[in-house]
Amino acid sequence: MGSLLNATELIRTVGLVGIWAIIFAETGLLVGFFFPGDSLLFLAGVAASPVADHIPGLGNKHLPIVALLIVTPICAIAGAQLGYWYGHRWGPKLFARPNSRLFKQEYVDKAEHVFYRFGPAKAIVLARFIPIVRTFLNPVAGVLHEPAGQFLLWNVVGGILWTDGILLAGYFLADQIIKVIPADKIDLYILPAIVVIVLISVIPILIEAYRTRRESRRKAAASASRD
């Protein structure tokens with residue numbers, strides 16, 4: 001399990017096709033929620049950069065950036081569509097199971113909370129940047145009978161923004177990372193860089209949450225003044 005959670009080890013062992021399979025599984029299979037999608041995408045971008053050969057931790061895995069930018073979002077979109085399909089097909093009974101080491105009802109509750117709080121369009125896009133939620137929101141959207149055409153539209157938008165956005169961040173920041181961090185030590189420092197990327201990616205969610213709270217307070221104040 002440790003290797004499955006280590007993005008660097010995954011790139012060394014599974015390569016390009018494995019990366020695509022993991023992105024598909026994380027977005028399309030309920031058991032795939034534990035995969036490190038954000039860090040895997042960021043490191044894949046680093047491994048596709050011109051300085052990839054100077055990073056021993058990646059095991060000289062130089063990945064093709066064009067193939068990554070084209071196929072990776074397709075895998076993410078296809079996985080989400082699968083999740084939506086079996087959510088629509090099986091309905092609420094899909095989640096009618098006891099908590100276990102892999103499945104917890106709170107994962108579904110978080111996904112449903114995001115769906116209702118931000119509305120379908122924003123939720124489908126923003127959920128891409130929230131680990132675990134991006135796995136469970138797709139079947140939740142199916143269970144809640146989100147229109148298929150609308151789900152597909154925002155699934156495509158979110159899939160491209162998430163995958164290509166983080167891939168390009170890794171690709172263009174790789175050279176700067178090498179200038180600051182010794183190549184043979186990058187394994188020790190890459191995780192904080194990934195955390196920063198993920199934090200930046202959730203800024204739209206925090207802004208939207210702030211706007212929603214401010215609007216709720218404004219409506220409450222207006223209602224109180226009328227009373």
Side-chain angles (χ1 to χ4, degrees), residues 5 7 10 19-46 65 68-88 106-144 146-173 193-212:
L5 299 176
L10 283 170
I19 291 170
W20 291 333
I22 288 169
I23 294 300
F24 175 85
E26 188 188 5
T27 54
L29 306 176
L30 293 181
V31 295
F33 72 88
F34 60 83
F35 283 119
D38 297 306
S39 56
L40 185 65
L41 289 170
F42 185 82
L43 275 175
V46 172
I65 186 61
L68 281 169
L69 292 175
I70 294 174
V71 180
T72 311
I74 292 175
C75 294
I77 293 165
Q81 285 298 134
L82 174 63
Y84 171 85
W85 175 82
Y86 61 67
H88 191 276
E106 65 181 272
Y107 300 158
V108 181
D109 295 340
K110 288 179 181 178
E112 193 169 346
H113 173 74
V114 171
F115 192 88
Y116 282 122
R117 182 178 182 88
F118 297 106
K122 290 179 182 178
I124 293 167
V125 174
L126 295 178
R128 289 290 191 174
F129 299 91
I130 311 175
I132 298 179
V133 172
R134 64 172 158 259
T135 302
F136 286 89
L137 185 128
N138 304 313
V140 164
V143 170
L144 298 177
E146 170 69 9
Q150 201 169 21
F151 179 85
L152 175 61
L153 170 64
W154 297 111
N155 176 27
V156 170
V157 172
I160 293 173
L161 288 176
W162 176 54
T163 55
D164 285 357
I166 298 183
L167 282 169
L168 289 172
Y171 182 85
F172 287 114
L173 291 176
I194 294 166
V195 170
V196 171
I197 295 298
V198 173
L199 288 176
I200 291 173
S201 70
V202 301
I203 286 177
I205 300 172
L206 299 177
I207 292 174
E208 186 62 30
Y210 171 75
R211 288 176 176 172
T212 301

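Since the structure is predicted, the reported quantities are computational estimates derived from the model, not experimental observations.
- When all heavy atoms of Asp38 and Pro131 are compared, the closest pair comes out as OD2-CG, 3.6 Å.
- Evaluated for a side-chain contact (heavy atoms from CB on, under 4.5 Å) with Leu41, the options Val46, Asp164, Thr163, Leu168 yield exactly one hit, Thr163.
- Distance check, rounded to the nearest 0.5 Å: CZ of Arg134 to CD1 of Ile23 gives 7.5 Å.
- Minimum heavy-atom separation, Ala76 to Arg128: O-NH2, 3.1 Å.
- One finds the CD1 atom of Ile130 at 8.5 Å from the CG atom of Leu137 (value rounded to the nearest 0.5 Å).
- What you find for Leu173 and Phe42 is that their closest heavy atoms are CD1-CE1, 4.2 Å.
- Under the ring pair (Phe, Tyr, Trp, His ring centres under 6.0 Å) criterion, Phe151 pairs with Tyr84, sequence neighbours left out.
- Here the closest heavy-atom approach between residue Thr27 and residue Trp162 is recorded as CG2-CZ3, 4.0 Å.
- When all heavy atoms of Leu68 and Pro73 are compared, the pair lying nearest together is O-CD, 3.6 Å.
- Remark: Ile70 CD1 to Ile65 CD1 distance equals 10.5 Å, nearest 0.5 Å.
- Here the straight-line distance linking atom OG1 of Thr72 with atom CD1 of Ile166 works out to 11.5 Å at 0.5 Å rounding.
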| query | Stepwise, does the side chain to side chain contact (heavy atoms under 4.5 Å, CB included) test hold for Phe35 with Thr135? | reply | CA-CA 10 Å; Phe35 283 119; Thr135 302; over 6 Å; no
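- Atoms CH2 and CG, on Trp85 and Asn138 in that order, are 14.5 Å from each other to the nearest 0.5 Å.
- Side-chain N or O atoms of Tyr86 include one that pairs as donor or acceptor with a backbone N or O of Gly28 at under 3.5 Å.
- Here Lys122 contributes atom NZ and Ile124 contributes atom CD1; the two are 13.0 Å apart, rounded to the nearest 0.5 Å.
- For the residue pair Gly159 and Ile77, the shortest heavy atom distance occurs at CA-CG1, 4.3 Å.
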